[in-house]
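Computed from a predicted model, the values in this text were never measured in an experiment. Position 1 is the first residue of the sequence, and the numbers go up from there.
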Amino acid sequence: MNSKTIVVTILALIVGVGLGMWIAGEDGSATQESGPSVHRCPMHPTVVSDRPGSCPICGMDLVMDQPGGSGHEADHGEEAGEVRIDPSTVQNMGVRIGVAERRPLSRTVRTMGRVDYDETGMTDVNTKVTGWVEKLHVDFTGQEVKKGQPLLDIYSPELVAAQEEYITALDYVRRLEAGASAEALDGAKALLSAARQRLMYWDIAEAQIADLERTREAKRTMTIHSPQEGVVVHRAVFDGAHIEAGEHLYRIADLSRVWVYADIYEYELPWISRGQSAEVVLSYAPGQVFKGAVSYIYPFLEPKTRTAKVRMIFDNPELQLKPEMFATVKILSEVSKEAVVVPAEAVIRTGERSVVILDLGEGRFSPREVSLGVEADDVFEVTGGLQGGERVVVSAQFLIDSESNLKAALGNIGAQHETSAPMQHRH
């Protein structure tokens with residue numbers, strides 16, 4: 001409704017109220033039963049005339065008031081705020097009608113994500129003895145390694161002494177097995193077991209101990225092996241370096257499975273839950289979709305962005321998902337198996353309430369307040385006030401709503417005038 005129409009409506013309101021006061025009798029009762037007939041506009045009750053014609057605002061034909069009627073009363077069976085509009089006017093206003101559907105309600109949350117390492121598949125490699133690096137078998141970052149693959153050879157006087165101690169204990173046990181007492185043999189076996197356990201505490205592999213038993217010769221260097229399969233993502237050791245016990249040497253990550261982090265806004269959090277399906281698309285592999293699942297929702301928000309971090313797990317057998325890559329993320333969620341939904345454009349939201357305009361047929365429309373649930377893919381879930389199958393207006397509903405509010409306001413003015421006229425007479 002443009003400004004010219006609003007001005008005309010206000011003038012018509014003033015004229016209509018003045019005319020209503022003029023035609024009222026001295027005792028406050030309406031005189032239209034004995035006076036000439038009054039014709040009014042069905043959409044603009046303030047537009048009155050003593051002869052048939054058309055409304056200067058909307059062009060509708062004027063309707064003669066029924067005897068004893070005020071012109072503001074609703075017809076029998078009308079809903080509150082119901083308005084009638086000529087079909088040609090409905091067409092000119094561009095009114096479109098939709099239907100409240102009952103169907104499963106789901107939503108796709110789209111956001112950007114970042115690929116990262118699976119923290120549960122990362123291992124740091126170090127030694128429990130002090131020594132010197134004799135040879136590096138894995139000497140650059142990014143190298144792929146297998147479980148048990150040699151990483152480096154280390155010379156440690158402590159390891160050499162421990163090997164010699166183990167060989168001595170082993171020879172002693174074998175000599176006593178020839179004919180010593182059972183008590184002496186048990187003591188020798190206890191010493192051998194303690195020496196073996198000491199080697200294992202220093203991460204010497206079973207195969208290396210077996211080789212030591214076979215050769216009876218202490219090796220100058222011992223080999224450190226990879227504890228898992230993966231990729232070397234950090235290397236802090238070089239040939240000939242002196243290393244201390246516990247010093248970090250390598251970090252190995254298993255990239256066959258990766259994590260993807262995404263930031264979710266507050267209003268989208270009700271749609272996210274653990275176990276939901278997720279999809280990732282990479283810019284360098286258009287058309288290829290990687291499928292995963294939501295594994296964790298962090299229990300706090302980022303104060304600057306007001307977003308919550310969500311973690312997803314994706315299998316990565318061909319290593320196409322590389323840490324620090326950006327990706328387009330889609331999280332597929334389902335809120336309800338069956339819900340009443342209406343198009344989002346059909347809802348008038350005032351901040352305090354939500355209203356839809358019902359199409360009652362034959363040019364009749366009525367506003368109805370509804371309770372809304374979640375918004376999903378251009379539709380609203382309606383939790384109260386509407387049933388499936390009812391017809392709602394999806395365009396030009398603001399014009400119809402304004403007409404309904406104007407009709408209600410004029411009805412209130414008419415009621416106030418009818419109650420105030422007798423008081424003026426008595427005064």
Does the pair [X]/[Y] count as a salt bridge with the N-to-O cut at 4.0 Å?
X: Arg196; Y: Glu206; result: yes
X: Arg96; Y: Glu345; result: yes
X: Asp124; Y: Arg251; result: yes
X: Asp153; Y: Lys135; result: no

Closest approach of [X] and [Y], non-hydrogen atoms and distance?
X: Pro323; Y: Tyr117; value: CG-CE2, 3.4 Å
X: Gly148; Y: His225; value: O-CD2, 2.9 Å
X: Leu332; Y: Gln276; value: O-CB, 3.8 Å
X: Leu319; Y: Ser256; value: CD2-N, 4.3 Å
X: Val394; Y: Pro343; value: CG1-CG, 3.9 Å
X: Ala308; Y: Leu269; value: CB-CD2, 3.8 Å

If only atom types and distance count, is the side chain of [X] paired as donor or acceptor with the main-chain N or O of [Y] below 3.5 Å?
X: Tyr284; Y: Gln320; answer: yes
X: Ser295; Y: Arg311; answer: yes
X: Asn316; Y: Leu255; answer: yes

### Message
A side-chain contact here means heavy atoms from C-beta on lying under 4.5 Å apart; do Arg235 and Gln143 qualify?
### Response
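Result no, sub-4.5 Å side-chain heavy-atom pair not found.
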### Side chain to side chain, Thr130 and Glu244, heavy atoms closer than 4.5 Å
yes
### Message
Looking only at the side chains, is there a donor atom on one of Thr123 and Gln228 sitting less than 3.5 Å from an acceptor on the other?
### Response
yes
### Query
Parallel under 30°, tilted from 30 to 60°, perpendicular over 60°: which one fits the rings of His234 and His248?
parallel
